[in-house]
Amino acid sequence: GSSAPAPAETQPEPETKTEEAAPTEEAAPAEEAAPTEEAMPTEEAAPTEEAAAEPDAAASGFTLNERIAEKVANGEPLMLRVSYHDVSNEFAPFIKKGVEQAAGDFDVDVEMVGPVSPDADAQIAELENLVEAGVDGLAISSVSSDALAPIIDRLLAEGIPVVTYNTDNPESNRLAFAGQDLEQSGYEAAKVLADLMNGEGDVIITTLDAAAQWSIDRETGARRGFDEYPDINVLQTVNTGTEPQEIYGSIENAMLANPTVSGILSLECCSVSPAGEYVKRNGLTGDVTVVGFDELPQTLQLIDEGVIAASLSQAPERQSYEAVRLLLDALNGQPVSDVDTGIAIIDQSNLSDYMQGN
Amino acid sequence: MSDNLTPLIELKQIKKGFPGVQALDGVSLTVYPGEIHAIIGENGAGKSTLMNILAGELQPDSGEIIFQGRPVRIPHPNVSQQLGISVVYQELALAPNLTVAENISLNTVRTSFGLEFVNRRDFAVKAKAVLSQLGMASLDLRQPVGRLTVAQQQMVEIGKAISTDVKVLILDEPNSALTKEETDHLFAVLRDLRAAGVAIIYISHRLEEVLSLSDRITVLRDGQWVETMPAESATVDRLIARMVGREVDTLFRPQGASTVQTQISFEVKELSSTALLRDLSFMVHAGEVVGVAGLPGAGKDELVECCFGLRPYTGAIEVKGQPVRLTEPDQAIKHGLALIPADRRGTGAMLVLSVQDNIVAANLSQVSRAGLLQRPAIRAVGQQYVQQLDIRIAGLTQAMGTLSGGNQQKVILARGLATQPAVLILHEPTRGIDVGAKAEIYAILQQLAAEGVAILIVSSELPELIGQCDRILVMYQGAFTGEFDRDDAAEEPILACAMGQSTHLETT
Amino acid sequence: MVKDVQMTPTTSPISEKIKNLFLARETGVLVALIVMAIFLSLATPAFLSVRNLLNVGRQVSLLGIMSVGMTYVLISREVDLSVGSIYALVGLITGMLIVMGWGLVPALLIGLLIGAMVGFINGWLSTYGSLPSFITTLGMMSVARGAALLITNGEPVTVNEIQGADPQTLSQFYYLGQGRVFDLIPMQLLFFVIVAILGWILLSKTVFGFKIYAVGGSDKAARVSGIKVYNIKIWAFVIMGFLSGLAGILSIAFLPSGQAGRTGVGLELDVIAATIVGGASLAGGEGTILGTILGVLIIGVLRNGLILMGISAFWQETMIGAVIILAVGVDKWTRSRRGL
Amino acid sequence: MVKDVQMTPTTSPISEKIKNLFLARETGVLVALIVMAIFLSLATPAFLSVRNLLNVGRQVSLLGIMSVGMTYVLISREVDLSVGSIYALVGLITGMLIVMGWGLVPALLIGLLIGAMVGFINGWLSTYGSLPSFITTLGMMSVARGAALLITNGEPVTVNEIQGADPQTLSQFYYLGQGRVFDLIPMQLLFFVIVAILGWILLSKTVFGFKIYAVGGSDKAARVSGIKVYNIKIWAFVIMGFLSGLAGILSIAFLPSGQAGRTGVGLELDVIAATIVGGASLAGGEGTILGTILGVLIIGVLRNGLILMGISAFWQETMIGAVIILAVGVDKWTRSRRGL
Ligand SMILES: Nc1ncnc2c1ncn2[C@@H]1O[C@H](COP(=O)(O)OP(=O)(O)OP(=O)(O)O)[C@@H](O)[C@H]1O
Ligand SMILES: Nc1ncnc2c1ncn2[C@@H]1O[C@H](COP(=O)(O)OP(=O)(O)OP(=O)(O)O)[C@@H](O)[C@H]1O
Ligand SMILES: [Mg+2]
Ligand SMILES: [Mg+2]
């Protein structure tokens, strides 16, 4: 399980992506990130009179099931759930924070749910059981894209609104997606690293799970990015596994096997700080440039120490927050469309904005 | 015997029930220091159960244990050890992974805190001393016990029991696998201990032995106390009558009832295996009972294994004139052979399975149709042999592991008989079986012989062989050193051959 | 000389006694399951709805199918840790074959054959190869997982028309995993029921089943009884491999997308747990299909109930562990009360 | 095991004979390790560098520390599946205590105590509770993992100054995990060496160790010899829990960020595999610390070598499985050649 996120086709052009880009309003981190003015259509959000008046105006082909429509019409409290594919990973607390933020802002019964390991079968079982428990709307992030497409379509057929976030299921009929363009983010990250390396040198790519779809997407983007620099050589993609010691050991071994490496690109949250630790402990700071993803505390600390050069944030709180907002919109019959949560680059220049959140 | 002393142990009205069985139903027993007190009874009479209660392995349902005048509870073997009670278990209690020396010293570490170093030199010295006392000085102390023969293991177990300061020594069929010589050693040691004031409780099915060794004898039947008598006033016949509650006709086959036919059922030609067995040749006629005698280590085990496809061999084996190649036991069974193995718990029983399943295990084709089990048939076959062999059980679905030792042995015999073999190979067939049952088994063997079954008995009990066999082959170091007809079979010449003096060798 | 039957005095009608004893084997687990079910139906009304119960049925089906196989393996005194990897390998290969345009039957046959073959290798190494099955199957767990990664090149396998599957084959294939008989009973559940019935017949009614118990009870005694111990054990592994493969196929037919690095990871412990909760033992010779089904249901009902009750995921994790211990504890307790 | 018995008449140069026997237990694994090392040093020059060897040493340290504990548990004929969860639980709690400003010693003591206590519960349930340890520790695996998630609320625990740790405590804490003695030998490796030596003395020299072997060989034999079988087994679990906790602490001191859902997941199988490769057996009574160390090294060297040789991740997975099977196979083979 890992941080993960979204496919190309929906939002080919994320708004914030140059390396200078300070976190813009939408892509802003941590607590400030989600509840920005634009992101919070407070007035429309709560099930209001008007909303009940036009319950059929939802996305094309989807009709609310009667039970839910009645609840909406009567202004009864709704039960929404945000299903995350592995509630025990590093990313889950961010997702949860966004959900809790939304619960407060919109005053709805919404919680994060999901299996305690990346297990699609368990996630499906839980979704089915939630239907029995009377859920009124679901936001779903799946372990790999389209893993849950059939069940999403089944839920929609039963009249339960479903949106996706973080990792999309584009082949399903989900009403909308809130998240990041994964391939684009990989591309951006590669360019950040390549520029920091002055366009030359040997690079290794590290990932928790080289075979996961999000990893493949980011790696594709990254390799496309590196291709633009003829003097950058990608030596190897190191599959580190997910256990922290294992991650460090893999990086250690890979560095020893490739003594010429001068850049490490980590494709996710969790192999970036071990890469940083390795560089720091072996006196390679300055010689080996590390770029990775996300804003885990240790990553930020290492940016502060100048060991990690930059990290790309995908504003995870915002993904779940937006997902809840989309659900409420759909329930109230408003048209919904995809939300790109963007990419923000964290480096020493803007670190303080992120640090205070933790 | 010393009536004037205070008893060392008094058991009062001990009761113990298992699901379906009242194993002990109010047994009382008094044992004095310096006496050898024998306990006898049929299989399942409750002897081992009583001893397990003394050992702290089982808790009585009711009743009292008084030790040196004080009532005691023995909730754990640890306590019985503290009291000075040492036990040689019927089903040996040795750690197969530990060496001889380590096993013998196992109960000396009981009281240690744990962090002191193990003194293996002491272990060795002590083991050496104990084993030479038992006449086993040549045993390799560093061998893991799991690799010893049953007889050797029994000696180690005895050595372990007498290696501590013992007040009460309990021996539950300690010599079922021992030779006469080894048994004599053991008895000498027991008599020494008696002289030193140790109370010895001795359980055995060998009544002559009991008579000659013990001071007093207690008889149990069906979990109840029957009688305690001084050994002087007892005779074998009287003991049997008390044990069984009826007369047992005879232990041995009536003279002249030979049923040997001319047809050869089983023939072994120049059989050799590994380094041990050398050019063994013999035959068993239909209706003939042939015995194989030999000391431990002579290679009897290997011979049995070769004859049943459990061990690769060179040479030829013929069953009813047909040459057969025995590569696996299923081949042997298919050709009409059946084996009653010696190692009851290891090779014999499937302890977690039911009695009836154990009985039909070698004979599945008879209780199945088109691969489907016929439960009624299984029950019927089980029932038949339970009756025929008088196996004491609570029900056919009772787990094999909860049977008394002797009854387990009978179930294994039943398994062999159920295949209706043409050739029956029995390895130590009456080890741990009571006199009544022994007589029944011998009668069954006779009957089988009369029906034309060829029977091969491999045994270390010479009286058994001499009583039952038409012919006895004697083995020494992997070869036959003698062959005795029923008329000239006697213990001394057979033993001489078994020890390598091939004076009596006639043919090969 | 031969006395009359001496059944012990306490027993009277033997057939009844036998029945009781037979029942007793599973009573403990059954009690645990019933207590749980009563508690859940009081705690959350949604639990007892037909639809929810069918859901539970479907959710436990794949675990159940594999646990039937594991029952054989455990009774024969072996263990198989590679089942999760076989599940992934077979599911993905079958999926790829369908995508490549193979017909349904050939694709299924190849898949199931591979499952059985991997099982055979496990069995061969654990018997003739005289290695402990814990090691052979632990090794196979990596080997099969690696093979799945190599074959799929680590990419997710998605079985749909876009990828090239024949629409008709595809709809048949989907039906296997997603279909509902009479629009009600999930196909997966049906498969589980069929596997359980066949597995039960094979184990408790046939000579082969008898031999499995015998081998697990004591392999030496079984050998002396003329049973080919190694072959029986190998068959147990083959059945296990076959059923893991079947479950893997049904999985990808249900969720038409799988990924070699992830599908079925950690499944082996769930399968073994369910089987042991159902009364089988790593020491061999013990276990029944009925017990295993109850074990599987305990785990399934527990998961379902915790979610219906809205227990948080972290608490769920904690409670599942506690209930597994508790269920086996109840089982032991009722057994010892029955003197088993 | 028996070192200096001088008694047997059949053997001549006794000391030599003994030496041979001593060697024999571990020779198989040693042969496998040496073959692998020779191959690797030919295949990739980087392998034999001091730095790489120290790396391998460090990388296997935590696995090694836990495998020493597992040796005790397996010899006593039990198994512990909860070690990965204990590792996570103790590591994270200790980290949190440091972050909360506790001193080093109190934090370590609390952590280790928790590890030992969880081990105690495992042991108690598996003995006095008369449950199979496979079940108790499988349950505990979930319970302890759930507890870690609940305590950390699923958030990563990062032990650094920003989070609030006292700088001096922190630098001592880091030293435990990251320090190098003489600027060369990693502290983790040092811990492993110390644990291995103490573990070896305790197991092969003391009465306690002797009792462990006795209990695993036959609990009846041990019991009737007056050994408190249950207490011995409980101690084995306590040692295991303590060492899992120690490894967990060293882990978070090394990489100062851990996460309850990820740390130590799947570790149990690695630990058991290493221990069994080293010659211990699930059937109890067998195993030595030296063998376990060799088993751990085989797995460590293999992982290292495959990466140095630039083998692709998927092939690595496959080959690790194959080599585990092979190593144990070589071991069996050399043993049977020696008549063991
Ligand atoms: N654990 C148990 N569970 C159920 N029944 C048992 C158990 N142990 C013993 N029994 C039964 O108790 C009775 C007495 O058994 P015990 O072992 O004491 O007999 P024994 O006199 O030692 O016989 P043998 O001469 O065959 O050794 C038998 O019927 C036996 O089946
Ligand atoms: N696994 C083994 N490894 C080494 N030597 C063995 C092994 N098994 C048996 N032996 C040796 O082979 C010889 C024959 O032993 P075997 O057990 O066949 O004797 P036996 O005549 O059957 O004795 P018993 O009367 O006790 O059954 C003995 O010297 C024994 O020590
Ligand atoms: Mg007895
Ligand atoms: Mg022998």
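Below, all heavy atoms of this structure are taken into account, side chains as well, without hydrogens, waters or symmetry copies. The sequence lines fix the lettering, A, B, ..., with proteins before strands; numbering per chain opens at 1.
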Hey, does D/L189 have a side-chain heavy atom less than 4.5 Å from the side chain of D/L54? yes
Please test A/M255 against A/I204 for side chain to side chain contact (heavy atoms under 4.5 Å, CB included), starting from the C-alpha separation and ending with a verdict. CA-CA 9 Å; A/M255 290 298 283; A/I204 56 172; 3.8 Å; yes
Step through the shown structure and confirm whether more than 12 heavy atoms of other residues, nucleotides or ligands are within 6.0 Å of CE on D/M187. yes
Taking atom OH of D/Y175 as the centre, does the number of heavy atoms from other residues, nucleotides or ligands within less than 6.0 Å exceed 12? yes
Counting heavy-atom pairs under 4.5 Å to chain A, which of D/V159, D/T158, D/V56, D/L267 comes out on top?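 Max contact count across the listed options: D/T158.
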Sort out for me which of D/T44, D/L63, D/L149 touches chain A most, counting heavy-atom pairs under 4.5 Å.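 Sorted descending by pairs with chain A, the first entry is D/L149.
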Under a 4.5 Å heavy-atom cut-off, does chain A meet the side chain of D/F254, its backbone, both or neither?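 The answer is both parts of D/F254.
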Toward chain D: residues of residues 275-283 of chain A with heavy atoms under 4.5 Å: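 Near chain D, by residue number: A/E277, A/Y278, A/R281, A/N282.
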I'd like to know whether D/I151 forms a side chain to side chain contact (heavy atoms under 4.5 Å, CB included) with D/L89, so could you lay out the CA-CA distance, the side-chain angles of the two residues, the decisive distance to 0.1 Å, and finally the verdict. CA-CA 9 Å; D/I151 290 171; D/L89 180 68; 4.1 Å; yes
What option among A/A92, A/P259, A/A254, A/G249 has the most heavy-atom pairs under 4.5 Å with chain D? A/G249
Top residue by heavy-atom pair count (under 4.5 Å) with chain D, among A/L256, A/N258, A/D304, A/V116?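 It is A/L256.
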Please tell me whether D/S251 and A/Q245 have a donor and an acceptor in their side chains that are separated by less than 3.5 angstrom. yes
